[in-house]
Amino acid sequence: MLELEDVTKVYSTGAIEVRALDGVSLNVDEGEMVAIMGHSGSGKSTMMNILGCLDAPTSGRYRLDGVDVAGLNDNQLAAIRNRKIGFVFQSFNLLPRTSAQRNVELPLVYASQGNRAARAKAALERVGLGARAGHMPNELSGGQQQRVAIARALVTNPAMILADEPTGALDSVSTDDVMKLLVELNEAGRTVVLITHEDDVASYATRVVRLDDGRITSDTPHRRGVRL
Ligand SMILES: Nc1ncnc2c1ncn2[C@@H]1O[C@H](COP(=O)(O)OP(=O)(O)OP(=O)(O)O)[C@@H](O)[C@H]1O
Ligand SMILES: [Mg+2]
């Protein structure tokens, strides 16, 4: 479903060039749950941005469901992101002063899809927050806010969830809740790619890929729940 082929990403800031990704090849099949690990600055978010069609490689190829995204214009990329990918970020990225319900409805607004209220409600129920639909983000705990963000990622029924440090701002109890939810979604057939620094979080995945200095240094299957 995801194919990176010899991908490099070079950032040029003034005279300095940073090779954030340096010849990365990676295939992720439908139904996998892959944890991407690595030190700060190793290229994890850069890779996630490319996988999510938020940024383009400097060289190499990225195919999503067999489609080379380099050939797509901005509108086509936005449509793919909206249809195929649900994003979850460390900082939740919920709109303030906007109810959980409205936050979850937003991707449906962008996609001009109907039946928004019912679908958002169902997504909130899916993450165990049906009773909090009317709450504002600042009336929810961090773990609950992240579950709203996951509901927002799910509401368009994407085949894939990309999560960049989804538990980075959470305590250990909320981390477990969020990870168990991601595992359930994965077991229901969704592909999940998540970035994390933490072994405990990566141990929920079925495959662990390690990055160092823009290169993949290991890529191993992992039995869910076994300690790393
Ligand atoms: N927009 C940018 N402009 C210039 N350099 C960048 C940019 N984004 C990232 N970099 C550089 O590319 C490298 C990889 O950054 P990236 O954000 O992918 O790391 P990361 O593995 O996600 O780190 P962290 O764990 O701290 O989030 C770093 O050296 C970073 O400074
Ligand atoms: Mg990062």
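For ligands, and for the atoms within them, numbers begin at 1 and follow the listed sequence. This one's a predicted model, so the numbers in the text were calculated from it and none came from an experiment.
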Quick test of your reading of the model: are Asp219 and Arg207 salt-bridged, counting only N-O distances below 4.0 Å?
yes
Taking 2.8 Å as the limit, list every protein N, O or S atom around the Mg ion (ligand 2), by chain and residue number.
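Under 2.8 Å from the Mg ion (ligand 2) - ignoring waters, which are not counted - the protein N, O or S atoms are Ser45 OG.
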Test: salt bridge (Lys or Arg N to Asp or Glu O under 4.0 Å). Region: residues 128-155. Which pairs qualify, not counting sequence neighbours?
none
Is there a continuous path of hydrophobic side-chain contacts, each under 4.5 Å between heavy atoms, that joins Tyr11 to Met47?
no
Kindly work out whether a path of hydrophobic side-chain contacts (I/L/V/M/F/W/Y, heavy atoms less than 4.5 Å apart) joins Leu181 to Leu129.
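As far as the 4.5 Å side-chain criterion goes, Leu129 and Leu181 are connected within one cluster.
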Smallest separation among heavy atoms of Ser42 and Leu211, with atom names
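Distance-wise, the nearest heavy atoms are CB-O, 3.6 Å.
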Residues around ligand 1, heavy atom under 4.0 Å from any ligand atom, sorted by chain and number. Can you pull those?
Tyr11, Thr13, Val18, Ala20, His39, Ser40, Gly41, Ser42, Gly43, Lys44, Ser45, Thr46, His197
Go through Ile85 and Leu64 one step at a time and tell me if the side-chain contact (heavy atoms from CB on, under 4.5 Å) criterion holds.
CA-CA 10 Å; Ile85 308 173; Leu64 173 56; 4.2 Å; yes
According to side-chain hydrogen bond (donor to acceptor under 3.5 Å, both in side chains), does anything in residues 60-71 pair up with another residue at least two apart or in another chain? List the pairs.
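The answer is Glu3-Arg63, Glu5-Arg63, Arg61-Asp68, Asp65-Lys84.
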Arg116 atom CZ, over 12 foreign heavy atoms within 6.0 Å:
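Atom CZ in Arg116 is packed in, count exceeds 12.
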Does a sphere of radius 6.0 Å around NE2 in His39 hold more than 12 heavy atoms from other residues, nucleotides or ligands, not counting ones at 6.0 Å or beyond?
no
